[in-house]
Colleague: 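Dumping the structure here so I can ask a few things about it.
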Number of protein chains: 2
Amino acid sequence: MKLSPDGNMFTEIVLETFKLSGLLTTVGDSIAASAGVNSARWKILGAIYLSSHSLTVPQIARTMGQSRQAVQRLVDIMHKDNLLTFSDNPNHKKAKLIALTEKGSAIYLKVDEQQIPWANNLADNLDAKDLATTLQTLKKIQQAMDAK
Amino acid sequence: MKLSPDGNMFTEIVLETFKLSGLLTTVGDSIAASAGVNSARWKILGAIYLSSHSLTVPQIARTMGQSRQAVQRLVDIMHKDNLLTFSDNPNHKKAKLIALTEKGSAIYLKVDEQQIPWANNLADNLDAKDLATTLQTLKKIQQAMDAK
DNA sequence: GTCAGAATGACATCATGTTGTCAATTTTAA
DNA sequence: TTAAAATTGACAACATGATGTCATTCTGAC
């Protein structure tokens, strides 16, 4: 069997996604470093901050497209480092609700201060319509994968 | 400072890229498993196969957006496993040229057999024009990052 | 209400991938 | 031509992340 023209484009998108993810992680490490965290921990902080309410570990993992255990590991470390708080979950005895401490919040905002001009600057050189299409398509790809 | 509307879209694309990359790696592991490799090794095989000529380790790393050392590590393992060959590089005494063995080639093609219908099928449910825009935009983002 | 199946945390093992360092080689600039 | 800078392979240390297992808790079908 051969790739259809669309299948070929799709495959190229997959490869570019891998590549971009690697590059973004490296850049993210630089951006987050001055606040004392790395990309991985910044992403955890962001997942909680952006949800605007407490989340359980599995919820964070699903948001991030990662395994429950990988997130649990980081959450435990960040809890020890006083970046996150655990609180009882009225709906589940074992699955604690996770929120940011003041320190965690401050770190997230400090990283954001640097990420914002970076993102604004890069976005300036790109077409808004194309960005919108790209964002929607990335989401649709995930939905299509889920459906299989 | 606040995110511009475009900066906000850009940030969302970044997060979706991370998420999609994680999900694709998991799916890729499943697809590649029957041929005895995983996503990481499949990607190495693909980088060499698709270039249609021998590559050095740093060249593979740049193609994949990963560190030279991570690629070197896998290449050494895959050489031991008889998936790759090393040959002298007329342009560089230390940097060997890497190519696929018959076994490596066969494995790549076997994985491809399964990846192709998967990609074709998913692409069928997506708009060709949107896929083209997405692919171009992902590449442009990388160029814009490089320029900084 | 009960019980099978799913979800969750804890723990372990392993693969992937980054960063840092050093010596050897290549490239570049003067 | 030569010397400084960049590239490369080898090696090490460490962080990230997937997978597997077990006991506990929750959910849903009956």
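To find a chain, count down the sequence lines: A is the first, B the second, and so on, and within it residues start at 1.
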Colleague: Assign the ring pair A:W118 / B:F10 to parallel, tilted or perpendicular, where the plane angle (0 to 90°) is split at 30° and 60°.
Modeller: perpendicular
Colleague: Can you check side-chain contact (heavy atoms from CB on, under 4.5 Å) on B:L126 and A:D6, steps first, answer last?
Modeller: CA-CA 9 Å; B:L126 299 164; A:D6 288 6; over 6 Å; no
Colleague: Take the protein atom CD1 of B:I60 and the nucleotide atom P of D:dT7, then report the distance between them rounded to whole Å.
Modeller: 18 Å
Colleague: So which heavy atom on A:T101 is nearest to which on A:T85, and how close?
Modeller: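 The pair with the smallest heavy-atom distance is CG2-CG2, 3.3 Å.
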Colleague: With clusters defined by side-chain heavy atoms of hydrophobic residues (ILVMFWY) lying less than 4.5 Å apart, directly or transitively, does A:M145 cluster with B:I31?
Modeller: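 Looking at the clustering, A:M145 is in the same group as B:I31.
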Colleague: Side-chain contact test, heavy atoms from C-beta onward, threshold under 4.5 Å: evaluate it for A:M64 versus A:I44 and give yes or no.
Modeller: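 With C-beta onward as the side chain, the pair touches.
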Colleague: Is a side-chain N or O of B:D127 found less than 3.5 angstrom from the main chain of B:K129, in a donor-acceptor match?
Modeller: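 Checking the backbone N and O of B:K129 against the side chain of B:D127, a donor-acceptor pair under 3.5 Å is found.
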Colleague: If hydrophobic clusters are built by linking Ile, Leu, Val, Met, Phe, Trp and Tyr wherever their side-chain heavy atoms come under 4.5 Å apart, do A:L55 and A:I77 end up in the same one?
Modeller: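 Different hydrophobic clusters.
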Colleague: Identify, with sequence neighbours excluded, every residue that meets side-chain hydrogen bond (donor to acceptor under 3.5 Å, both in side chains) alongside A:D88.
Modeller: A:K96
Colleague: Suppose we screen for side-chain hydrogen bond (donor to acceptor under 3.5 Å, both in side chains). Which residues come up paired with A:T11, at least two apart in sequence or across chains?
Modeller: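 Testing A:T11 for side-chain hydrogen bond (donor to acceptor under 3.5 Å, both in side chains), a comparison that skips the adjacent residues, returns B:Q115.
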Colleague: Mind running a 4.0 Å heavy-atom check of residues 46-53 of chain B against DNA chain C and sending the residues that fall below it, in number order?
Modeller: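 Nucleic-acid contacts, sorted: none.
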Colleague: So which one's nearest nucleotide on DNA chain D is more toward 5', A:N38 or B:Q59?
Modeller: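 So the residue in question is B:Q59.
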Colleague: What protein N or O atoms touch nucleotides 26-28 of chain C N or O atoms at under 3.5 angstrom, if any, and at what distances?
Modeller:
unit_1 : atom_1 : unit_2 : atom_2 : d
C:dT26 : OP1    : B:K93  : N      : 2.6

Colleague: B:I44 CD1 to C:dG17 P: how many Å, rounded?
Modeller: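 One finds 8 Å between P of C:dG17 and CD1 of B:I44, rounded.
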Colleague: When the distance from CD1 of B:I98 to P of D:dT8 is rounded to whole Å, what number comes out?
Modeller: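 Roughly 11 Å, once rounded to whole Å.
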Colleague: Give, ordered by number, those residues of residues 63-87 of chain B having at least one heavy-atom distance below 4.0 Å to an atom of DNA chain D; if nothing qualifies, reply none.
Modeller: B:R68, B:Q69, B:Q72
Colleague: Is a side-chain donor-acceptor pair under 3.5 Å present for A:N120 with B:S4?
Modeller: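 Yes - a donor-acceptor pair under 3.5 Å links their side chains.
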Colleague: Find the distance between CG (A:L45) and CE (A:M78) and round it off to the nearest 0.5 Å.
Modeller: 3.5 Å
Colleague: Please give me the minimum heavy-atom distance between B:T56 and B:I98, naming the atom from each residue.
Modeller: C-CD1, 4.2 Å
Colleague: What are the two closest heavy atoms between A:Y49 and A:S105, and how far apart are they?
Modeller: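 For A:Y49 and A:S105, the tightest heavy-atom pair comes out as CE1-OG, 4.0 Å.
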Colleague: So which of residues 11-24 of chain A are in contact with DNA chain C, with a heavy-atom cut-off of under 4.0 Å?
Modeller: none
Colleague: May I have the distance from A:D29 (atom CG) to C:dG20 (atom P), rounded to whole angstrom?
Modeller: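 After rounding, the reported distance stands at 10 Å.
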